[in-house]
Amino acid sequence: DVKVTQSSRYLVKRTGEKVFLECVQDMDHENMFWYRQDPGLGLRLIYFSYDVKMKEKGDIPEGYSVSREKKERFSLILESASTNQTSMYLCASSPGGNELFFGEGSRLTVL
Amino acid sequence: DQQVKQNSPSLSVQEGRISILNCDYTNSMFDYFLWYKKYPAEGPTFLISISSIKDKNEDGRFTVFLNKSAKHLSLHIVPSQPGDSAVYFCAAPGGSGAGSYQLTFGKGTKLSVIP
């Protein structure tokens, strides 16, 4: 089974703090994604990566950056957290087909 | 511009009855559709998909119907069970940012199956 592991299930941070969300997949997938889920807004793509050190902006990249130094790991970085970044963050990976495999999510609260 | 639309935020159904979840899309280039199911505090899991060359795909209690002329698809769950209570997302590959790499999701429909 594909396993996508997100390092933190729940985080509470203060406004202005730098936040790292880590994601690791164990199936040698080429593509990795970060989405956020908000009530009434569905899942929105923040960034994705199709190869090591490659990254592309999704629909809502503002306020976020990413890092992919190794194939299995994709990190989402909030340089200066704000309250409107309180959300559920979902990492996913894909071998290149249409199906995404999601992690369990990281619930971030910014105070 | 929302390319995948789920216009019903919620749906309640009695156990044993049929649940019908609807999805509309605007991008005629979409040729593959997926349904994901999400429980609270968990990531979405793939449920069922359909290619545009088909108008129906069935997997156990779950059937997805595609009407290309109406740009509409629906997910039928028969019979509905309390464990089906979850948020269901309709999705299609493609989108404004990441092209075919990206899945564009609808806003989701929360299904509640009442025992």
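These numbers were taken from a predicted model, which means no experiment stands behind them. Letters A, B, ... are given to chains in the order of the sequence lines, protein chains preceding strands, and every chain is numbered from 1.
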If you group Ile, Leu, Val, Met, Phe, Trp and Tyr by side-chain heavy-atom gaps below 4.5 Å, do [X] and [Y] land in one group?
| X | Y | result |
| --- | --- | --- |
| Ile46(A) | Phe74(A) | yes |
| Phe30(B) | Trp35(B) | yes |
| Tyr35(A) | Tyr89(A) | no |
| Leu11(A) | Tyr64(A) | yes |

Taking CZ in Arg61(B) as the centre, count heavy atoms belonging to other residues, nucleotides or ligands within less than 6.0 Å. Is the count above 12? yes

Least distance between heavy atoms, Leu43(A) atom then Pro44(B) atom: CD2-CG, 4.0 Å

If you take all heavy atoms of Glu99(A) and Phe46(B), which pair is closest and at what distance? OE2-CB, 3.4 Å

Between Gln6(A) and chain B, which part of the residue has a heavy atom less than 4.5 Å away: side chain, backbone, both or neither? neither

Using heavy-atom distances under 4.5 Å, tell me whether Tyr47(A) contacts chain B through its side chain, its backbone, both, or neither. neither

Check each atom of [X] against the heavy atoms of chain A and say whether the ones under 4.5 Å are side chain, backbone, both or neither.
| X | value |
| --- | --- |
| Lys110(B) | neither |
| Ala91(B) | neither |
| Tyr36(B) | side chain |

In Å and rounded to the nearest 0.5 Å, what is the CD to CZ distance from Glu42(B) to Arg9(A)? 7.5 Å

Those residues that, when tested against Ser94(A), pass side-chain contact (heavy atoms from CB on, under 4.5 Å) (two or more places apart): Asn31(A), Phe33(A), Leu100(A)

